[in-house]
K.L.:
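One structure follows; several queries about it will come next.
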Amino acid sequence: MPTTRTVPARPVLLIALTSALLFAPNSATADPEPPTRESAQDQGPARAPESAARRSLTAPTPGFTDTTRSYPREQVLTPDPVNPADKSAKLGLTPYHAIAPKLNALQRLGDRVSVEVAGRSAGGHRLYLVTVTAPETPARTRAQERMRQLIENAPAAAAKSREIKAGYKAPVFFNNNIHGNEWEGTDASLKIIERLATARDARTKDLLAHSRLYFNITANPDGRIAGTRANANGFDLNRDFVTASQPETRAMRQIEIDKQPAAMLDLHGYVNGTLIEPTTPPHGENYEYDLFLKNTYANALGMEAAVNGLGYTPAKDGVEPAQIPFRDQEEGWDDWPPIFTPQYAAFHGAVAAHTVEIPLAVNNSLYDSLPVAELRRRSAINTAVAGAAITATLDFVREKRSSLIADQIEVFRRGAAGAAQVPVSKETVPGVPGIGPEDVYTTDFPRAYVIPSGSTAAARLVGHLLANDVRVARASRAVRLGGRTYPKGSYVVDMRQPKRGLANVLLADGRDISDKVSVMYDISGWSLGRLWGATVTPVTSGSPAGAPLTPVRAAAPVGHVAPRGDLRLRLTDPQEIAALNSLLQQGVPVRRAADGSVIVPSSARALAVEAARTHDVVFDATRQKGTTGLRRTRVAAAVTPGELYALREMNFEVTPVSTAVLNAGFDWSSVDVLFVSAGLDRDALTSGARTALDAFLGAGHGLVGRGVVGAGLGADAGLLAAKPVEGNGDANGVVRVVNSGPVTAGAPDHGFVYAPVWFTDLGPGVRIEQSYAPGNPLVSGHWRPLSDGSGGPADAGGRASVVSAPRAVLFGTEPLFRDHPKGEFAQLGRALFTMASASSG
């Protein structure tokens, strides 16, 4: 990649280690942080309680529906019980139980501070949204909401509105503590709120008269209390915005939809010196990146000056000067995927959005190894740094309010008008140095997308689009688009809409960017169109204008039960798996059919009706009788957090296990089948635990394995003769696959990989259930060969990606990755049923 930055690039490895190595004093006790990118090889087993999953799966989507209520919106918060184990306290920071009393006190300081509960975490803790602004009458609040809606819904008119130019309050969003063990953004925000609540200077009065400041006090209270990066379900919330599987993510999503921030900060740690977005290439191709870069870089300069202006030095404090990756590095901190909070916010109109990584590490092993005094010294510095970044952003918003709002309007105007994106260059983004061809990423938006209705997968996808504020319409009769006729009831996503970027980033195939950069920070490919099980067709010509389309607020339910006869339930969707499990748990005698579906007797029609309504699935009439009887399947699972959550989403009865759990003594009679992908090392088991495991598998109980860990256990137990071959461990993305066996019957012809694996040297009796497509199977993402030329997509092409034998099924793909590729889930469910049936037989 050509060097075009104004400052020489720093090696990527150095960036990753600075948070731990560039400290003084006590640098000798620092150790490198673990990689921020999840590792498919060494991630520990999930141990999340089932209650957290159930709470997340049943939590309603939050919303701020009262748009007429004036400000302030004060309420008295009930304090939480004091928790001496809260990890924040050791650092001299605010423990979660002290936040509610603190917010009560802040509301009493005057008429500028309002507190709302934006939702609850997976662990059941309240999520607090604080608004700081000058007082508003109900009429003024209604006017603000009217202007906000005009900006999104009629951006061309909003651009000409004198009322908006003169009176619209710029929305600004500060998101704190999304990684639970990156604490200090919360404390910095509380200090800033207190100052704003009482300051009487002209600048503060002007700021609050022309802005609404929204503070998500802690986005991850579960992790704040426990000192973990993840929430109570084990999810990294800053990777969840495509899927929004967790209640905390859905709360943040709703804040961004309802408040429509023009600027936002996401406060993190720990990178020394302080890392301030904008980022290195590749840049998300669906953003209006010229507007984003213009404002984000300008605000970054102000934050850099404010942070460096605190006077901390490497020699005195162990604090390095702040860094702006766009300017200071070549690659390794990209904004390509929409899974990060600032990148997702850009699709809702944020034209200045930043990840800010404060400098001095206090988490993980350092939390236990450093003296308390040193931890508190570092935390105090981090709080000051975060506060400087927030203050600089407030100054930026106060000075640039009009242009920020104008640029937000322009984002929505381009989408609504179908205008072309503007490639970044020194001419289109003046004032930003070092822009080169490596920074130019744009895309060609289709004219529309069509999603045929009638399937559970289609209804789920449409519901998800609507929850993301993507506009969807439905054909009231047959509609012709792009030279093709689609039936009545088809869903149409007209891409001339304000948030076309978000619609496209969710539905498009994406791009293979393997040749663009050598390394990526996290995932590089995603596509709900390919991975969620619904058919999604891009329309590249013609126009939906004038077509018989009606906007929808919800997907039409598809749940149905045939009125007579025995019933057939397909098992190609996770909600069908969940419905089957609910019937089995109620004792319904279900039998497998030859095509992989299941037969439910007519006597269970009432229960089938309930399952159809609950899970939105279809039970067809059938004359098949089925073969093997199924029974409730109890799963022992040594898996990642995303996999454990997906199993529970499919209504399996799951017991998390690991090497430690088995060594402590495990009752194998309580489970029917074993699923292993992480955290179970047979060689690390005690002799008694190993004997018990071998006895379970030797008695005919089946194994479902993923990746090299699962395959290794299958080989050690003699269940399946296959050699797992690891591809490039940094590779990930959407791949083409060929399904050829009963486990994968009816599955989409695309899958997801993250550190891909394939299988060779297949022994007798091993069936290929699925293969990577011949040639280069990668559709979108980043997958390069290793330095010796091996491990690339060409090596995987045509190779087995899923294999089975009478007592084992092995996956080289990631069918449950981060609860994301919904259309792939059923493969894993069918494998578990197959192995449970084998053991019972």
Side-chain angles (χ1 to χ4, degrees), residues 19 77 79-80 82-107 109 113 115 121 125-132 172-199 213-229 264-272 274 303 306-307 310 312 317 319 354-363 366-367 370 372-394:
S19 62
L77 301 168
D80 294 278
V82 173
N83 180 4
D86 189 304
K87 297 291 187 179
S88 311
K90 181 178 178 180
L91 302 173
L93 300 173
T94 307
Y96 178 78
H97 60 257
I99 291 177
K102 178 67 173 176
L103 296 180
N104 286 337
L106 289 173
Q107 290 179 101
L109 291 177
V113 178
V115 178
S121 70
H125 298 100
R126 289 172 291 184
L127 305 170
Y128 300 113
L129 180 68
V130 172
T131 304
V132 184
V172 189
F173 180 36
F174 298 98
N175 201 49
N176 303 295
N177 199 202
I178 191 171
H179 290 148
N181 62 354
E182 299 167 9
W183 289 270
E184 292 91 344
T186 293
D187 292 79
S189 286
L190 290 171
K191 290 177 182 293
I192 295 291
I193 293 167
E194 184 170 8
R195 178 174 64 79
L196 294 173
T198 56
L213 313 177
Y214 301 105
F215 296 84
N216 191 14
I217 298 299
T218 168
N220 184 1
D222 301 350
R224 182 176 188 83
I225 295 167
T228 59
R229 181 181 180 92
M264 72 88 61
L265 296 190
D266 199 31
L267 290 159
H268 288 256
Y270 299 97
V271 176
N272 194 6
T274 301
M303 285 191 280
V307 169
L310 294 172
Y312 298 122
D317 309 291
V319 178
H354 309 257
T355 292
V356 175
E357 299 271 359
I358 54 182
L360 299 180
V362 294
N363 58 359
L366 296 177
Y367 183 92
L370 289 179
V372 171
E374 172 62 9
L375 289 172
R376 294 190 172 191
R377 183 190 75 84
R378 294 184 178 195
S379 288
I381 290 174
N382 288 335
T383 302
V385 168
I390 295 171
T391 300
T393 298
L394 296 178

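These figures come from a predicted structure and were not determined experimentally.
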K.L.:
Among T94, V362, N177, exactly one meets side-chain contact (heavy atoms from CB on, under 4.5 Å) together with E184. Which residue is that?
P.N.:
V362
K.L.:
Can a donor-acceptor pair be found between the side chains of H125 and D222 at a distance below 3.5 Å?
P.N.:
yes
K.L.:
Work out which heavy atom in Q107 is nearest to a heavy atom in V113; give both atom names and the distance.
P.N.:
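Where Q107 meets V113 most closely, the heavy atoms are CG-O, 3.9 Å.
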K.L.:
Taking atom CG of L375 and atom NZ of K90, what is their separation to the nearest 0.5 Å?
P.N.:
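Those atoms lie 6.0 Å apart.
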K.L.:
With the side chain counted from C-beta on, respond yes when R378 and L370 share a heavy-atom pair under 4.5 Å apart, and no when they do not.
P.N.:
yes
K.L.:
Ion pair present between K191 and E194, side-chain N to carboxylate O less than 4.0 angstrom?
P.N.:
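Salt bridge between K191 and E194, a charged N being under 4.0 Å from a carboxylate O: no.
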K.L.:
Check the orientation of Y128 and Y96. Use parallel for under 30°, tilted for 30 to 60°, and perpendicular for over 60°.
P.N.:
parallel
K.L.:
Nearest 0.5 Å, please: how far is CG in L106 from OG1 in T198?
P.N.:
9.5 Å
K.L.:
Give the minimum heavy-atom separation between G185 and A386, together with the two atoms involved.
P.N.:
CA-CB, 4.4 Å
K.L.:
Quick one: do the N176 and T218 side chains pair a donor with an acceptor below 3.5 Å?
P.N.:
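Distance-only check fails for N176 and T218.
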K.L.:
What distance do I217 atom CD1 and F174 atom CZ have between them, rounded to the nearest 0.5 Å?
P.N.:
11.0 Å
K.L.:
How far apart are the closest heavy atoms of I192 and G387, and which atoms are they?
P.N.:
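Looking at all heavy atoms of both residues, the closest pair is CD1-O, 4.0 Å.
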K.L.:
Using a strict cut-off of less than 4.0 Å between a Lys/Arg side-chain nitrogen and an Asp/Glu carboxylate oxygen, indicate whether D80 and R126 qualify as a salt bridge.
P.N.:
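Looking at D80 and R126, the cut-off is met.
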K.L.:
To the nearest 0.5 Å, tell me how far I358 CD1 sits from W183 CH2.
P.N.:
10.5 Å
K.L.:
So how far is it from L91 CG to N181 CG, rounded to the nearest 0.5 Å?
P.N.:
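Here the rounded value is 10.0 Å.
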K.L.:
Between atom OH of Y214 and atom CG of L129, what is the distance when rounded to the nearest 0.5 Å?
P.N.:
8.0 Å
